[in-house]
A.B. asks: 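For reference, the structure I am asking about is given below.
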Amino acid sequence: MNKTEELKKAAGIEAIDFVCTGMLVGLGTGSTAEFAVEELYNRIKDGRLSEISCVPSSERTRMFAEGLGLNIVELSSERRIDVTIDGADEIDSDFNLIKGGGGALLREKVLAQNSERNIIVADDSKLSQRLGSRFPIPVEVFKFAFEAQKSYLEGFGGEVRLRLVGDGSPFLTDQNNLIIDWYCGEIEDPFYLADQLSKRAGIVEHGLFLETVSDVIISSLDGVKHFVVGEKS
Ligand code: 5RP
């Protein structure tokens with residue numbers, strides 16, 4: 001395991017300290033979130049946790065969690081998720097995020113908005129002063145609307161790229177939509193931009209996650225730090 005993976009693992013493990021027996025847990029997508037899923041499994045296996053049910057944020061995570069034998073359930077109107085643990089691609093100093101590097105932004109946002117507690121786990125390479133300076137905004141687009149949304153985003157400036165997979169064909173989300181990675185540069189007002197993107201028919205979801213987070217766990221060579229959003233220290 002390289003150093004970055006070790007840091008991701010440390011953050012993922014720490015997040016499971018916030019899971020208690022009997023909880024409904026939202027499972028994020030990506031390598032950091034998978035370290036948390038593995039730790040959840042370890043604690044169930046050794047008896048430290050029991051009666052845990054999980055809602056995965058992607059088919060990738062569903063397969064991973066099912067492979068470990070975790071109890072997978074659907075989102076239900078009867079019960080909110082107690083805690084969701086997910087990764088991020090970029091985290092600003094207000095703990096707003098860019099997410100969607102794994103293409104799971106739509107379901108990830110659904111989980112984030114339906115969780116009592118939303119914990120983001122990451123290594124410190126994900127931190128930035130301003131969103132957009134390190135990572136493009138992933139924009140999930142309905143195929144029919146692709147050309148129109150591409151032109152719309154180009155109108156703001158920056159570079160717009162259709163996400164592809166290894167064989168050169170378009171990446172498809174779990175909903176069978178396309179992803180545009182929009183290299184828009186530093187975002188001056190993420191709230192304004194998120195509002196504009198949300199208004200567009202054809203944009204299914206965008207990767208700006210604003211004010212969705214309750215806790216952030218960041219690991220670095222100096223150790224693991226837990227931030228409660230609103231109580232920065
Ligand atoms: C998936 C995501 C991931 O959380 C994000 O891409 C971070 O991934 P990793 O933990 O592998 O660095 O948003 O859609």
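Atoms within a ligand are numbered from 1 in the order they appear, just like the ligands themselves. Heads up: numbering here begins at 1 and tracks the sequence. Computed over heavy atoms, backbone and side chain alike; hydrogens, waters and symmetry mates excluded.
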A.B. asks: For the pair Tyr152 and Phe156, name the ring-plane relationship: parallel under 30°, tilted 30 to 60°, perpendicular over 60°.
C.D. replies: perpendicular
A.B. asks: So, does Gly28 sit close enough to ligand 1 that a heavy atom of it is under 4.0 Å from the ligand?
C.D. replies: no
A.B. asks: How far is atom 3 (C) of ligand 1 from the closest protein heavy atom, and which atom is that?
C.D. replies: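 Residue, atom and distance for the closest contact: Thr29 O, 3.1 Å.
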A.B. asks: Please tell me whether Ser133 and Glu186 have a donor and an acceptor in their side chains that are separated by less than 3.5 angstrom.
C.D. replies: no
A.B. asks: In the protein, what heavy atom is nearest to atom 12 (O) of ligand 1, and what distance, to one decimal place, separates them?
C.D. replies: Lys126 NZ, 2.7 Å
A.B. asks: Please check this pair: side chain of Asp174 against backbone of Glu59, looking for a donor-acceptor N/O pair closer than 3.5 Å.
C.D. replies: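 Present.
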A.B. asks: With a 4.5 Å heavy-atom cut-off, do Ile52 and Val25 have their side chains touching?
C.D. replies: yes
A.B. asks: Which one of Thr32, Thr4, Asp89, Asp86 has a non-hydrogen atom at the shortest distance from atom 5 (C) of ligand 1?
C.D. replies: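 Among Thr32, Thr4, Asp89, Asp86, the closest heavy atom to atom 5 (C) of ligand 1 belongs to Asp89.
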A.B. asks: Any Lys/Arg nitrogen of Glu5 or Lys9 sitting under 4.0 Å from an Asp/Glu carboxylate oxygen of the other?
C.D. replies: no
A.B. asks: Can you tell me if Asp86 and Thr84 form a side-chain donor-acceptor pair at under 3.5 Å?
C.D. replies: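 No, because no side-chain N or O of Asp86 sits under 3.5 Å from a partner of the opposite role on Thr84.
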A.B. asks: Could you tell me, atom by atom, which parts of ligand 1 come under 4.0 Å of a heavy atom of Gly87?
C.D. replies: 4 (O)
A.B. asks: Is a donor on one side and an acceptor on the other found under 3.5 Å between the side chain of Ser219 and the backbone of Val224?
C.D. replies: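 A pair under 3.5 Å: no.
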A.B. asks: Can you find an N or O of Leu105 that's nearer than 3.5 Å to an N or O of ligand 1?
C.D. replies: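 N/O-N/O distance under 3.5 Å: no.
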A.B. asks: Below 4.0 angstrom from a heavy atom of Gly100, which ligand 1 atoms are there? Numbered from 1 as shown, please.
C.D. replies: 2 (C), 13 (O), 14 (O)
A.B. asks: Give me the residue, atom name and distance of the protein heavy atom closest to atom 8 (O) of ligand 1.
C.D. replies: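 Nearest neighbour among protein heavy atoms for atom 8 (O) of ligand 1, to 0.1 Å: Gly30 CA, 4.1 Å.
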A.B. asks: If hydrogens are left out, which of Glu108, Lys109, Lys8 has an atom nearest to atom 14 (O) of ligand 1, that is, the closest non-hydrogen atom?
C.D. replies: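 Answer by nearest heavy atom: Glu108.
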A.B. asks: Show the atoms of ligand 1 that are less than 4.0 angstrom away from any heavy atom in Gly101.
C.D. replies: 2 (C), 6 (O), 13 (O), 14 (O)
A.B. asks: When you check the side-chain N and O atoms of Glu51 and Thr21, is any donor under 3.5 Å from an acceptor?
C.D. replies: no
A.B. asks: Residue-level breakdown please: for Ala88 versus ligand 1, do any non-hydrogen atoms fall below 4.0 Å on the side chain, on the backbone, on both, or on neither?
C.D. replies: backbone
A.B. asks: Atoms of ligand 1 less than 4.0 Å from Gly102 heavy atoms?
C.D. replies: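 Listed by number with element: 1 (C), 2 (C), 6 (O), 14 (O).
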A.B. asks: I'd like to know if the side chain of Asp189 reaches the main chain of Phe191, judged simply by a donor and an acceptor atom lying under 3.5 Å from each other, with no hydrogens or angles considered.
C.D. replies: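 It does hold such a pair.
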A.B. asks: Find all atoms of ligand 1 within a distance of less than 4.0 Å from any non-hydrogen atom belonging to Gly103, and give their numbers and elements.
C.D. replies: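 Within the 4.0 Å cut-off of Gly103, ligand 1 contributes 14 (O).
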A.B. asks: Please confirm whether Ala104 comes within less than 3.5 Å of ligand 1 when only nitrogen or oxygen atoms on both sides are compared.
C.D. replies: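 Yes.
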A.B. asks: Specify the protein heavy atom at minimum distance from atom 9 (P) of ligand 1: its residue, its atom name, and the distance to 0.1 Å.
C.D. replies: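 Residue, atom and distance for the closest contact: Ser31 OG, 3.4 Å.
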A.B. asks: Side-chain contact, heavy-atom cut-off 4.5 Å: Leu208 with Asn96?
C.D. replies: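 Result no, sub-4.5 Å side-chain heavy-atom pair not found.
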